[in-house]
Amino acid sequence: MLRDISFQAVGAGLLAAFVGFASSFAVIIAGLTAVGANTAEAASGLMALSMAMGLSGVLFSIWLKQPVSIAWSTPGGALLATSAALSGGFPEAVGAFIISGVLIVAAGLFKPFGRAVQAIPAPLANAMLAGVLFGLCLAPFRAIAGSPLEGLIILVAWLAVAQVKRLLAVPAAVVAAAALIVTGTEIDMAALGPIAPMPVWVTPVFSLEALGLALPLFLVTMASQNIPGIAVLNANGYRPEPGPLFTGTGLFTLAGAPFGAHAVNLAAITAALCAGPEAHPDPARRYWAGITSGAFYVFFALIAGAATAFIDASPPLLIEAVAGLALLGAFGSSAAAALKEESAREAAVITFLVTASGLSFFGVSGAFWGLLAGGLVMVLGKWRKG
């Protein structure tokens, strides 16, 4: 196994963990606070989530020899952030987290569900992936518009190294962004308390109100994260059995819930960083990106205070610019694969446009609705042809 490790995979794993943590940790903190967590409980929840997704990512990637990336449920965090505090306070919210985790485990054990996920046509899966990546791939050029000097430095570093060694271009952009952040920002650790927050046990309370929060949390986690996460792996040539992955993430959710973790699930955008060609030219060696991504999440959990300070001080445009450069190759290949079959091209275009539009209903992201719309167009097309 050690002979498969590579600098590219380690770099992709680091970038995936950095982007995954940096892009949405504020949403998670806001969500936990909205449902009643105090500062210590919210910090404990952030640490528990990072630890759960790190350990599960390492275990799944080693077990399957595939780049399985695990993330916290960002749509779930957004759902919590728009919810009112429950009458039973944060213990009742933790009860909802546990109910949701049980439902995710049940979804993984129900085999017809896994078969339905695997039956998603390849053109639609690739079109959905392209739609998910499209907005982030625009980030390098938005960074140039918003911060011309910093954006150009990152882009030039990427371009210059790419002329010498294509696989080192993204790590060079990461180094350039980190240097800009360190030299251009002031990180105040004193205001953030201890580097490693202490885990806080919260005894769950179960009620109808908790069930009312658990059901939408389960639905948005499955529809916006787990199903697109499997589709991203499939689009990159990996065909893991969905059931055990869903069950595993549900079990890790159950383990982290009493410490404030609302949900962990398969990653979508960061999964493309680990599963795509940027991680390694040989797909059989990319699983090390999943392992290292998980290891860095564990590291972030152990130094959650310091990581939060550094990332909170980082301009979001710079972080997104690096991620966008890393995903250009994945976007190009997924878009080409989506449009390859002429018979499915119209359905693939609809899937891409709906996904990229950011359309959202009932807290469920455009990735799910894109697959649904594209599938409907494909079915109608076949019906029209007899």
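We find the CZ-CZ distance between Phe97 and Phe259 to be 14.0 Å, quoted to the nearest 0.5 Å. In this structure, CD1 in Ile99 is found 10.5 Å from CG in Leu217, a value given to the nearest 0.5 Å. Atoms OG1 and CG, from Thr355 and Leu371 in turn, are 6.0 Å apart once rounded to the nearest 0.5 Å.
The side-chain heavy atoms of Trp288 and Ile291, taken from C-beta on, include a pair separated by under 4.5 Å. A 4.5 Å side-chain heavy-atom check between Leu213 and Glu92 finds every atom pair outside the cut-off. Side-chain contact between Val68 and Leu266 is present, with at least one heavy-atom pair separated by less than 4.5 Å. Between Glu346 and Val377, the closest side-chain pair of non-hydrogen atoms falls below 4.5 Å. Put simply, the side chain of Pro240 does not reach to within 4.5 Å of the side chain of Phe60, judged on heavy atoms. Residues Pro199 and Met47 have side chains in contact (heavy-atom distance under 4.5 Å, counting atoms from C-beta outward). Looking at heavy atoms from C-beta onward, Met53 lies out of side-chain contact with Ser69 at the 4.5 angstrom threshold.
Hydrophobic clustering (side-chain heavy atoms under 4.5 Å, transitive across Ile, Leu, Val, Met, Phe, Trp, Tyr) groups Leu149 together with Leu325.
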For this session: Walk me through it: do Leu49 and Val264 pass the test side chain to side chain contact (heavy atoms under 4.5 Å, CB included)?
Result: CA-CA 7 Å; Leu49 285 165; Val264 294; 3.9 Å; yes

Problem set entry | Stepwise side chain to side chain contact (heavy atoms under 4.5 Å, CB included) check, Asn265 with Met222 | CA-CA 8 Å; Asn265 42 245; Met222 293 300 298; over 6 Å; no

Problem set entry | Verdict with reasoning, Leu215 to Leu103, per side chain to side chain contact (heavy atoms under 4.5 Å, CB included) | CA-CA 8 Å; Leu215 289 176; Leu103 292 174; 3.8 Å; yes

For this session: For Leu59 and Phe252, run side chain to side chain contact (heavy atoms under 4.5 Å, CB included): C-alpha distance rounded to whole Å, both residues' side-chain angles, the deciding distance at 0.1 Å, then the answer.
Result: CA-CA 11 Å; Leu59 291 175; Phe252 273 95; 3.8 Å; yes

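Considering every non-hydrogen atom in both Cys274 and Ser293, the closest pair reads SG-CB, 4.1 Å. When all heavy atoms of Leu245 and Leu64 are compared, the pair lying nearest together is CD2-CD1, 3.8 Å. Between Ser50 and Trp72, the closest heavy-atom pair is OG-CZ3, 3.8 Å. Scanning all heavy atoms of the two residues, the minimum distance from Ala40 to Val200 falls at O-CG2, 3.8 Å. Scanning both residues, Ala52 and Ser56, for their nearest heavy atoms gives O-OG, 2.7 Å. For the residue pair Gly260 and Phe90, the shortest heavy atom distance occurs at CA-CZ, 4.0 Å.
Residues satisfying the ring-ring contact (aromatic ring centres under 6.0 Å, His included) criterion with Tyr238, sequence neighbours excluded, are absent altogether.
The distance between the ring centers of Phe296 and Phe21 does not fall below 6.0 angstrom.
In Phe206, the CZ atom is crowded: over 12 heavy atoms of neighbouring residues, nucleotides or ligands sit closer than 6.0 Å.
Side-chain atoms of Ser73 and Gln225 form no donor-acceptor pair, as typed in the model, at a separation below 3.5 Å.
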